[in-house]
Protein chains: 2
Amino acid sequence: MADVARAVGVSTGTVSRALRGLPGVSEAMRRRILRAAEGLDYVVSPGASGLATGRTGSVAVLVPHISRWFHARALAGAHHVLRNAGFEVVLYHVEGIAERREFFETLPVRRRADGLVIIALSLSESEIARLGGLGSMPVVGASTDLGGHPSVGIDDPAGAAMAVRHLVNLGHQRIGMIRATDEEGVHRGVSQRRLDGYLAAMAECGLPVQQDSIVSAPWGVDGGAQAMAQLLSLRTPPTAVFAEADDVAAGALRTLRRAAVDVPGQMSLIGFDDSPIADLLDLTTVAQPVYEQGLIAGRMLVDAVEQGTIAESRQRLDTRLVPRGTTSAVRRPGR
Amino acid sequence: MADVARAVGVSTGTVSRALRGLPGVSEAMRRRILRAAEGLDYVVSPGASGLATGRTGSVAVLVPHISRWFHARALAGAHHVLRNAGFEVVLYHVEGIAERREFFETLPVRRRADGLVIIALSLSESEIARLGGLGSMPVVGASTDLGGHPSVGIDDPAGAAMAVRHLVNLGHQRIGMIRATDEEGVHRGVSQRRLDGYLAAMAECGLPVQQDSIVSAPWGVDGGAQAMAQLLSLRTPPTAVFAEADDVAAGALRTLRRAAVDVPGQMSLIGFDDSPIADLLDLTTVAQPVYEQGLIAGRMLVDAVEQGTIAESRQRLDTRLVPRGTTSAVRRPGR
DNA sequence: CACATTTACTCAAACGCTTGCGTTAGCTTG
DNA sequence: CAAGCTAACGCAAGCGTTTGAGTAAATGTG
């Protein structure tokens, strides 16, 4: 910046103001400075200006997984608006339980970012409390609740209920559910809410729920496969199954195929998320806007950072049933 | 830091040295300082230390897509080693052609990062040249060649040839190929190399290649579906097809299923990448280590940054054939 | 035309850290 | 025990910006 100032013959203060469009510099001078800066292809040092202003110009995004479709997609959304708002996005990927604890203990984000968005990571009470150590730094959640902090998400119970009602409307009465667990508990909150929705819808429809037709398995295709195997080994297996995520539904489908159970003839299956594999496998599912959640979370954070106001708000986006080939009316007995 | 210094009753210089493990401070004093820093839960300001040292402590990662499996996975790998080496990773996602041009024109990375890793983005000559504007900042490529800069990747021609030879070994002679294009040319280099491998293997096996059985379609499932449709409309369709990516193979498979073409009975299909959907669809494919490419690229960059040396090296990882259910011996005519 | 205002800049302190150099005190050594 | 060393620390000058206070000139007002 000193170079630019010298080239034009003004002080660095003026250059600074000119570059950032602040008043107090004539149009003619501004143009000269801009041109000189261009010529010397000068870029401001974010570190130095951060030192002076106290703002870093970047926001942190915390994700428990990078390569899962959901997280990557939401990240893309958040990145889009953050970058357009002029922020860097620095990525924090907490892979295991250890990294996760370290993140919340040391809060490495503190001096490095102006805000934090957390994507699809269910926090414990104590973790939420630790977030207080961030001081006035705004935090927003996408697809996760963060106590007092603003967040975007979907109405998981409603989505799950939608799935169940779809099956009920097709005449199913014995409806199982496959839950997904992961040791890190990343997914815990969502899982609980989808279970709640399932239970509520079953109750609302006056259907009994058998405890053994709600099975849990590790997140992922293999988990889903295993869970479906368990359901198939029941005395009276369900005629329809709601899997809380497309990934596990995909595994369930594999088991069904291998067991030569006709889908949807003998067994209906519905997933959740509408990930690309749902389309690929022709899997009926409940769609949720993922990219949009990232978008909105990003926008909320930008607003919070720029206005310094951290409005507590909890935005809920709609889910949508996507009927495909894995659900159909229940086979009439004796037909 | 001033607070810590005051609390312990030393100068900030000593605190700085103590915190970073530099010599010149007694063990006793170091412990006192560490404890005080802990107590005040102090973290250094990266901006300020960057100002003083000239290093930012962060590296940039450039990706053309976030939510594609390949990029996300490689990103995860790179993130892992970069973070373990103490770097922040700031994410640059260039979505369209416009963002891409802007990136290379303004090189926003300049003052903000100590290094750059570029993941799976085929650069033009002029873009590579622009990279020179980065001065001495090291750049490494993962799954892309960057002219004089170091890079990791696989031997694409060899991988493609492996796929073709697999089909040949099964007795196939009319072997088509589905190429994937994208308007941004993100994938161009890879696509060209896989074509080269296909052609080389065909020649090596003494098989003629019909121009019309090499078809191109936009990247993705739909593109693959469309491309396979085109192949099926040929006068004499191939009996086996090599798709240059699992994603397009998935689309091809959909078309085959809809057209009631038995796979692999009437048509064999092999993909590339061994992405999760290949497993899901039981698709024969050529596996490449993706996470590892990210890891290695990250490590190369860390070395370059820390040693200040930018060794030009081009590391090539092995590919591996993964036989699954979509390839089989060619049907004997008249049987 | 004298005076008050505005405009366009300059000045310099501050932001939080790093680092070469200077100082002091305690040790070793012949 | 004096001289020479070394280890442990303080000092202060930067690093590249921002920003409030200050200044000089141009403009407006009565």
Side-chain angles (χ1 to χ4, degrees), chain A residues 1-34 36-37 40-58 86-88 108-114 135-137 305-306 308, chain B residues 1-34 36-37 40-58 86 88 108-114 135-137 306 308:
Chain A
M1 174 173 279
D3 296 341
V4 178
R6 207 173 309 115
V8 184
V10 298
S11 74
T12 64
T14 305
V15 174
S16 174
R17 282 181 250 262
L19 257 25
R20 293 178 308 141
L22 295 185
V25 41
S26 67
E27 261 319 304
M29 179 58 81
R30 186 184 308 271
R31 261 193 295 276
R32 283 179 57 198
I33 291 178
L34 259 349
L40 296 169
D41 68 39
Y42 161 82
V43 288
V44 303
S45 155
S49 63
L51 232 204
T53 60
R55 292 183 34 169
T56 64
S58 60
F87 290 96
E88 307 284 290
V109 189
R110 273 182 287 176
R111 302 264 209 141
R112 331 181 88 107
D114 297 335
S136 66
M137 181 168 131
V305 169
E306 289 181 347
Chain B
M1 174 173 281
D3 297 340
V4 178
R6 207 173 308 116
V8 184
V10 297
S11 75
T12 65
T14 304
V15 174
S16 174
R17 282 180 253 260
L19 257 26
R20 292 178 309 139
L22 294 186
V25 42
S26 67
E27 263 318 305
M29 179 56 84
R30 187 184 307 271
R31 262 193 295 277
R32 283 179 56 199
I33 291 177
L34 258 349
L40 297 169
D41 69 38
Y42 162 81
V43 288
V44 304
S45 155
S49 62
L51 233 202
T53 60
R55 293 182 35 168
T56 65
S58 59
E88 307 284 291
V109 189
R110 272 181 288 176
R111 303 265 209 140
R112 332 182 86 108
D114 297 335
S136 65
M137 180 167 130
E306 287 180 348

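Quantities reported herein were computed from a predicted structural model and do not represent experimental measurements.
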Next on the checklist: Taking any heavy-atom pair under 4.0 Å as a contact, classify A:Val4: base, sugar-phosphate, or nothing.
Outcome noted: nothing

Checklist entry - Does the side chain to side chain contact (heavy atoms under 4.5 Å, CB included) test come out yes or no for A:Tyr42 and A:Asp3, once each step is laid out? => result CA-CA 9 Å; A:Tyr42 161 82; A:Asp3 296 341; over 6 Å; no

Item to check | Separation of C:dA8 C1' from A:Leu22 CG (nearest whole Å) | outcome: 14 Å

Checklist entry - In residues 8-17 of chain A, which ones come under 4.0 Å of DNA chain D, going by heavy atoms? => result A:Thr12, A:Gly13, A:Ser16, A:Arg17

Checklist entry - Hey, does the side chain of A:Arg55 reach the backbone of A:Ser49 with a donor-acceptor pair shorter than 3.5 angstrom? => result no

Item to check | Verdict with reasoning, A:Leu19 to A:Met1, per side chain to side chain contact (heavy atoms under 4.5 Å, CB included) | outcome: CA-CA 10 Å; A:Leu19 257 25; A:Met1 174 173 279; 4.2 Å; yes

Next on the checklist: Could you report the tightest heavy-atom contact between A:Ala2 and A:Thr12, atom names first, then the distance?
Outcome noted: CA-CG2, 4.1 Å

Checklist entry - Roughly how many Å is it from CE in A:Met1 to P in C:dT10, rounded to a whole number? => result 13 Å

Checklist entry - So, the side chain of B:Arg32 versus the backbone of B:Val8: is there a donor-acceptor pair under 3.5 Å, distance only? => result yes

Next on the checklist: To check you understand the geometry: which heavy-atom pair defines the closest contact between B:Val15 and B:Val10, and what is its length?
Outcome noted: CG2-CG2, 3.7 Å

Checklist entry - Do you know the tightest heavy-atom contact between B:Pro23 and B:Arg17? => result O-CD, 4.1 Å

Next on the checklist: Any side-chain to backbone donor/acceptor pair from A:Thr56 onto A:Arg112? Under 3.5 Å, distance only.
Outcome noted: yes

Checklist outcome for this item: In short, B:Arg110 meets A:Val43 closest at the heavy-atom pair NH2-CG1, 3.2 Å

Next on the checklist: Can you measure A:Arg20 atom CZ to C:dC9 atom P for me and round it to whole angstrom units?
Outcome noted: 16 Å

Checklist entry - Which atom names give the shortest non-hydrogen contact between B:Thr14 and B:Val25, and what distance separates them? => result CG2-CG2, 4.2 Å

Checklist entry - Whole-Å distance between C:dT18 P and A:Leu51 CG? => result 11 Å

Checklist entry - What are the two closest heavy atoms between B:Gly21 and B:Arg30, and how far apart are they? => result CA-NH1, 3.1 Å

Item to check | Residues from residues 23-30 of chain A lying under 4.0 Å of DNA chain D - heavy atoms | outcome: none

Checklist outcome for this item: chain B vs DNA chain D, heavy-atom contacts under 4.0 Å, first-to-last nucleotide span, 5' to 3', is D:dA8 to D:dT17

